[in-house]
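One structure is given here, and the rest of the page talks about it.
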Amino acid sequence: MNALPPPLDPAALGLVRPDAAGLGALAAVVGPDGVRTDEAARAAFGRDETEDLCFLPDAVVVPASTEEVARLLALANARRWPVVPRGAGTGLSGGALPVAGGIVLSLARLDRIRELDLENLTVTAEAGVVLADLQARVAEHGLRYPPDPASRDSCQLGGTLAENSAGPRTCKYGATRHWVLGLEAVLADGTRLVTGGKNRKDVAGYDLTGLLVGSEGTLAVLTAATLRLVAAPRTSLTLILPFPTLDGAAAAVAALFRAGHQPTACELVEERALAAVGRLLPLPGTLVGRAAMLLVELEGDDDETLLGEAAALEELVRDLGGDEALAASDPAEQRRLWAIRSKVGEAVKGGSIYKEADTVVPRSALAELVRAARAAAERHGLQAVCYGHAGDGNLHVNLLKGDLPAALWRERRDAAEAELFRAVIGLGGSITGEHGVGWTQRRYLPLRHPAAAIGLQRELKRAFDPRGILNPGKIFPGDAETAPGEPC
Ligand code: MLT
Ligand code: ZN
């Protein structure tokens with residue numbers, strides 16, 4: 001297969017694509033089976049889970065150790081090759097897409113849990129460990145590593161670190177960054193860097209750990225991390241709260257926190273998303289035709305306390321016009337209720353090409369956010385479907401193409417999305433709550449940050465990666481203007 005020209009011209013960024021001799025040099029570092037240039041590999045590593053986008057890399061390289069990562073980066077830096085670090089490719093903002101061609105660097109072989117420290121309640125694991133495996137391992141000891149992105153069964157730790165991933169439990173526990181005590185990383189020139197460690201407190205100098213978590217593969221390649229653990233709660237209760245109005249559901253979110261509840265998760269699914277999931281699985285009758293539902297997860301150490309909390313919550317919800325709740329404490333029943341929320345993405349995105357905007361606003365503006373999303377979409381003849389992490393004010397807004405011709409879809413999508421993000425900023429929000437800026441949101445960064453703040457971030461990028469080899473084209477808008485990318 002001939003490579004399609006990358007939509008970002010590497011030459012405009014001072015970069016070059018590896019030639020045959022370069023590929024040979026890569027093989028000398030990782031061995032011939034650590035470099036793949038076949039069509040299947042390039043196509044598979046040319047996409048992630050971001051919409052229908054695909055960009056072909058020149059090669060996929062799979063090192064087996066931090067030492068090999070360091071040697072690869074030293075080589076790539078000397079030759080100015082673009083390098084795109086990659087976990088399992090479950091990202092939703094195009095962070096792992098090789099938009100300037102070059103090398104995709106898969107961390108999949110760095111898959112060891114190096115140490116579980118039961119004295120200090122930490123785990124040190126490599127970037128390629130699957131998140132669910134890490135969580136299962138610590139759960140054997142009654143412990144929890146809380147971050148729970150929707151992709152946790154397949155995503156790799158390194159990807160979650162690079163994206164500062166979140167998920168439903170962020171509501172109680174905070175996102176990935178809150179759980180990282182230290183990192184092992186490799187800088188663009190091959191220098192190895194260790195930040196933090198097992199100390200719970202450490203204010204010696206700038207917080208490089210905090211900076212690298214969420215840097216989306218643009219500052220360094222993260223190869224391992226030391227993570228904080230907590231005791232897993234002994235019991236839990238899942239509540240589904242149906243509402244006849246969106247305003248009632250939004251008011252309930254604010255009210256339940258104000259009343260002192262600390263749910264592990266507080267998720268919202270509005271009526272169009274409910275209708276979509278109802279096409280995928282049977283919905284309980286009480287949800288059919290409802291304007292919105294909340295899913296609230298309560299956790300604790302004894303059932304009685306949880307039941308008392310649930311009763312108080314249900315009363316609060318009824319006062320706000322909510323309907324009778326569905327409750328489950330049996331794990332199989334809990335999974336059935338959770339499926340209504342966890343299948344939403346698949347249900348909404350499965351039937352059409354779509355564009356997902358990862359919006360976040362202060363909790364009090366949730367209902368306004370949904371209205372603004374619907375209005376922006378409708379002004380351009382599109383539909384907006386919303387769901388997400390209401391407890392964090394973080395809703396995923398999906399615009400659907402349906403049977404619109406491609407050119408018209410692109411035009412309307414871009415106009416509606418830009419309007420939506422302007423409205424989000426007007427509500428005091430941001431252009432991404434958890435999916436990252438990556439490739440798809442970069443053009444909106446100036447809506448979120450003034451030029452001085454973007455300038456400072458560019459300076460940081462230059463300090464870490466003077467030649468700009470790491471994940472070029474991500475986060476910052478207008479490095480060199482780009483085509484949106486096409487299916488391949
Ligand atoms: C979710 O909350 O379901 C995930 O972030 C994935 C998605 O947006 O579909
Ligand atoms: Zn989400």
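The shown structure was predicted, so the numbers you read here are calculated from the model rather than taken from an experiment.
Both the sub-6.0 Å distance and the 45° axial angle are satisfied by Arg442 relative to the ring of Trp439. Both the sub-6.0 Å distance and the 45° axial angle are satisfied by Arg363 relative to the ring of Phe257.
Taking each heavy atom of Gly197 and Thr226 in turn, the nearest pair found is O-CG2, 3.7 Å. Listed here is the closest heavy atom pair of Arg412 and Gly381: NH1-O, 3.8 Å. Of all heavy-atom pairs between Pro472 and Val99, the closest is O-CG2, 3.4 Å.
Taking CG of Asn164 as the reference point, atom OG of Ser215 lies at 10.0 Å (rounded to 0.5 Å).
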| request: List the steps and the verdict of salt bridge (Lys or Arg N to Asp or Glu O under 4.0 Å) for Lys461 and Asp465. | output: CA-CA 6 Å; Lys461 166 72 177 165; Asp465 177 19; 2.7 Å; yes

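Within the 4.5 Å cutoff, side-chain heavy atoms of Leu241 are placed close to those of Val296. For the pair Glu324 and Arg318, the minimum side-chain heavy-atom distance is 4.5 Å or more. At a threshold of 4.5 Å between non-hydrogen side-chain atoms, the residues Ile240 and Leu287 count as touching.
Taking the charged nitrogens against the carboxylate oxygens, Glu163 and Arg177 have no contact shorter than 4.0 Å, which rules out a salt bridge. A salt bridge links Lys198 to Glu115: at least one charged side-chain nitrogen sits closer than 4.0 Å to a carboxylate oxygen.
At a cut-off of 3.5 Å, with distance as the only test, no side-chain donor of Thr170 or Asp392 sits close to an acceptor on the other residue. A side-chain donor from one of Arg448 and Ser430 sits under 3.5 Å from a side-chain acceptor of the other.
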